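Predicted, not measured: the structure shown is a model, and the values here were computed from it.
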Amino acid sequence: LVFSNINASNILLTDLANPTITDSTFTLGIDAYTLGKRSAIDALGAGAGISDPMRISSSTFTGDPDGTCGNSPTGINMINVDNSYISIDGVSITDNGFGVIFKQSSGEIINSVIDVNCAGVNTNGFKQTGSIKHTLTINDNTITTGEAAGITAFDQARISASRNTISGAEEGSGIAIRSSTADLYDNNIGPIGGYNGLWIYGTSEVVAIGNNITNTAKEAVVHGEYHYQDSGWPSLQPSESRLYMENNFIENNTGTCNS
């Protein structure tokens with residue numbers, strides 16, 4: 001499939017739709033007057049289950065190279081996944097504001113290249129089937145961002161991220177975790193131009209084993225709200241949080257920090 005000059009999303013998936021999409025070319029929806037720009041793929045309640053997700057593989061996504069970040073961003077996510085089961089394997093996402101967002105969703109993004117202005121892979125919340133709380137897998141990707149974090153896990157997200165290469169983040173951190181659960185194995189994080197390799201706050205549970213964290217502008221790892229009530233720092237009320245670290249390699253993090 002090849003999409004170009006589409007007003008709305010290239011593909012909209014709802015009601016447990018679980019197609020396999022491969023070897024395709026996508027772009028953002030371009031209607032700037034009524035709908036505004038739209039994600040290339042909108043998955044809203046898609047996928048028939050954790051063993052039968054919708055699948056996207058070996059495809060190329062290009063969007064708006066001028067999409068901005070910040071509090072009033074003009075950039076949007078290339079792939080929007082909400083309350084869905086999805087497998088993304090071997091895709092390329094470039095020239096866009098944001099990469100992929102997973103909201104209350106389960107599945108995986110693997111073997112992919114993401115090079116965007118803002119955050120690469122955003123996750124919010126988790127997908128639950130009965131009593132099973134699913135973990136989103138983020139493995140073997142190369143994620144380069146202009147400003148924001150390569151990977152985020154916010155608001156009860158549950159992720160496992162392994163063997164990713166993350167760099168950029170001129171105004172953010174490599175991996176940002178807020179009130180979520182994350183298992184981080186064998187990732188290469190750096191150089192990071194903004195702040196930290198790992199930024200962990202809120203009530204989080206994090207395991208970090210075998211990661212390389214190099215060339216960060218500030219602290220390699222920040223865990224907790226030690227800037228609480230510091231002037232100029234928007235921080236949360238401190239809360240209980242746990243971090244287990246083992247066999248990580250941290251080098252050449254030379255930024256000047258004040259607290």
Side-chain angles (χ1 to χ4, degrees), residues 1 3 6 8-29 35-61 63 75-93 96-114 116 118-141 143 149-162 164 176-183:
L1 303 173
F3 294 89
I6 305 299
S9 296
N10 299 178
I11 297 178
L12 173 64
L13 300 161
T14 63
D15 297 332
L16 309 182
N18 63 332
T20 294
I21 303 166
T22 189
D23 298 309
S24 297
T25 300
F26 297 90
T27 187
L28 294 178
L35 295 172
K37 291 181 179 178
R38 304 290 295 179
S39 298
I41 293 180
D42 267 319
L44 311 176
I50 191 62
S51 61
D52 197 12
M54 63 162 292
R55 300 180 184 275
I56 308 169
S57 65
S58 304
S59 295
T60 300
F61 295 78
I76 64 172
N77 285 282
M78 184 64 77
I79 302 175
N80 177 50
V81 183
D82 193 343
N83 191 31
S84 297
Y85 300 95
I86 187 170
S87 172
I88 301 173
D89 184 359
V91 306
S92 171
I93 299 174
N96 198 46
F98 294 82
V100 183
I101 185 166
F102 299 90
K103 294 173 284 188
Q104 286 79 46
S105 294
S106 179
E108 63 184 5
I109 179 167
I110 60 175
N111 304 316
S112 296
V113 175
I114 300 173
V116 292
C118 310
V121 178
N122 283 312
T123 67
N124 295 79
F126 63 91
K127 182 74 170 172
Q128 184 164 344
T129 306
S131 61
I132 301 172
K133 298 178 179 179
H134 297 294
T135 297
L136 182 74
T137 298
I138 307 169
N139 288 353
D140 302 297
N141 304 290
I143 304 171
I151 295 174
T152 70
F154 289 167
D155 304 333
Q156 311 307 314
R158 303 171 70 90
I159 69 167
S160 176
S162 299
N164 300 286
I177 300 165
R178 180 183 69 205
S179 300
S180 295
T181 299
D183 294 331

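For Asp42, the salt bridge (charged side-chain N to carboxylate O under 4.0 Å, His left out) partners two or more places apart in sequence, or in a different chain, are Arg38. Partners of Phe26 according to the ring pair (Phe, Tyr, Trp, His ring centres under 6.0 Å) rule, which considers only residues two or more places apart in sequence or in another chain, are Phe3, Phe61.
Side-chain N or O atoms of Asn139 include one that pairs as donor or acceptor with a backbone N or O of Ser162 at under 3.5 Å. Remark: the backbone N or O of Lys127 is not paired with any side-chain donor or acceptor of Ser106 at under 3.5 angstrom. Using modelled atom types, one side-chain atom of Ser84 and one backbone atom of Gly45 make a donor-acceptor pair closer than 3.5 Å. No donor-acceptor pair closer than 3.5 Å links the side chain of Ser59 to the backbone N or O of Thr25. Side-chain N or O atoms of Ser112 include one that pairs as donor or acceptor with a backbone N or O of Val91 at under 3.5 Å.
With contacts defined as side-chain heavy-atom distances shorter than 4.5 Å, the pair Thr181/Phe126 does not qualify. The shortest distance between side-chain heavy atoms of Asn10 and Leu1 does not fall below 4.5 Å. Taking 4.5 Å as the limit, every side-chain heavy atom of Val116 sits out of range of all side-chain heavy atoms of Phe98. A 4.5 Å side-chain heavy-atom check between Ile151 and Asn141 finds every atom pair outside the cut-off. Proximity of Val100 to Met78: side-chain heavy atoms (C-beta onward) are nowhere separated by under 4.5 Å. Looking only at side-chain heavy atoms (C-beta outward), Thr129 and His134 come within less than 4.5 Å of each other. Counting heavy atoms from C-beta outward, Leu13 and Pro19 have side chains that approach closer than 4.5 Å.
When all heavy atoms are compared, the tightest approach of Ser180 to Ala153 is OG-O, 3.1 Å. Counting all heavy atoms, side chain and backbone alike, Met54 lies closest to Ala46 at SD-CB, 3.9 Å. Contact detail for Ala40 and Thr27: the closest heavy-atom pair is CB-O, 3.2 Å.
For the residue pair Thr60 / Ser92, no side-chain donor-acceptor distance below 3.5 Å is found, with atom types taken as modelled. Remark: the Asn122 side chain and the Thr152 side chain contain an N/O donor-acceptor pair separated by less than 3.5 Å.
To the nearest 0.5 Å, atoms CD1 (Ile114) and CD1 (Ile93) are separated by 4.5 Å. Interatomic distance, Leu28 CG to Asn96 CG, rounded to the nearest 0.5 Å: 4.5 Å. Expressed to the nearest 0.5 Å, how far CG of Leu136 lies from OG1 of Thr123 amounts to 6.5 Å. Between the CD1 atom in Ile177 and the CD1 atom in Ile159 there is a gap of 5.5 Å [rounded to 0.5 Å]. Residue Ile110 holds its CD1 atom at 11.0 Å from CG of Asn164, rounded to the nearest 0.5 Å. Residue Gln104 holds its CD atom at 10.5 Å from CD of Gln156, rounded to the nearest 0.5 Å.
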Exercise. What do the steps show when you test Asp155 against Arg178 for side chain to side chain contact (heavy atoms under 4.5 Å, CB included), and what is the final call?
Worked result: CA-CA 6 Å; Asp155 304 333; Arg178 180 183 69 205; 2.9 Å; yes
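Only one option out of Ile56, Ile86, Val81, Asn80 pairs with Ile41 in a side-chain contact (heavy atoms from CB on, under 4.5 Å); it is Ile56.
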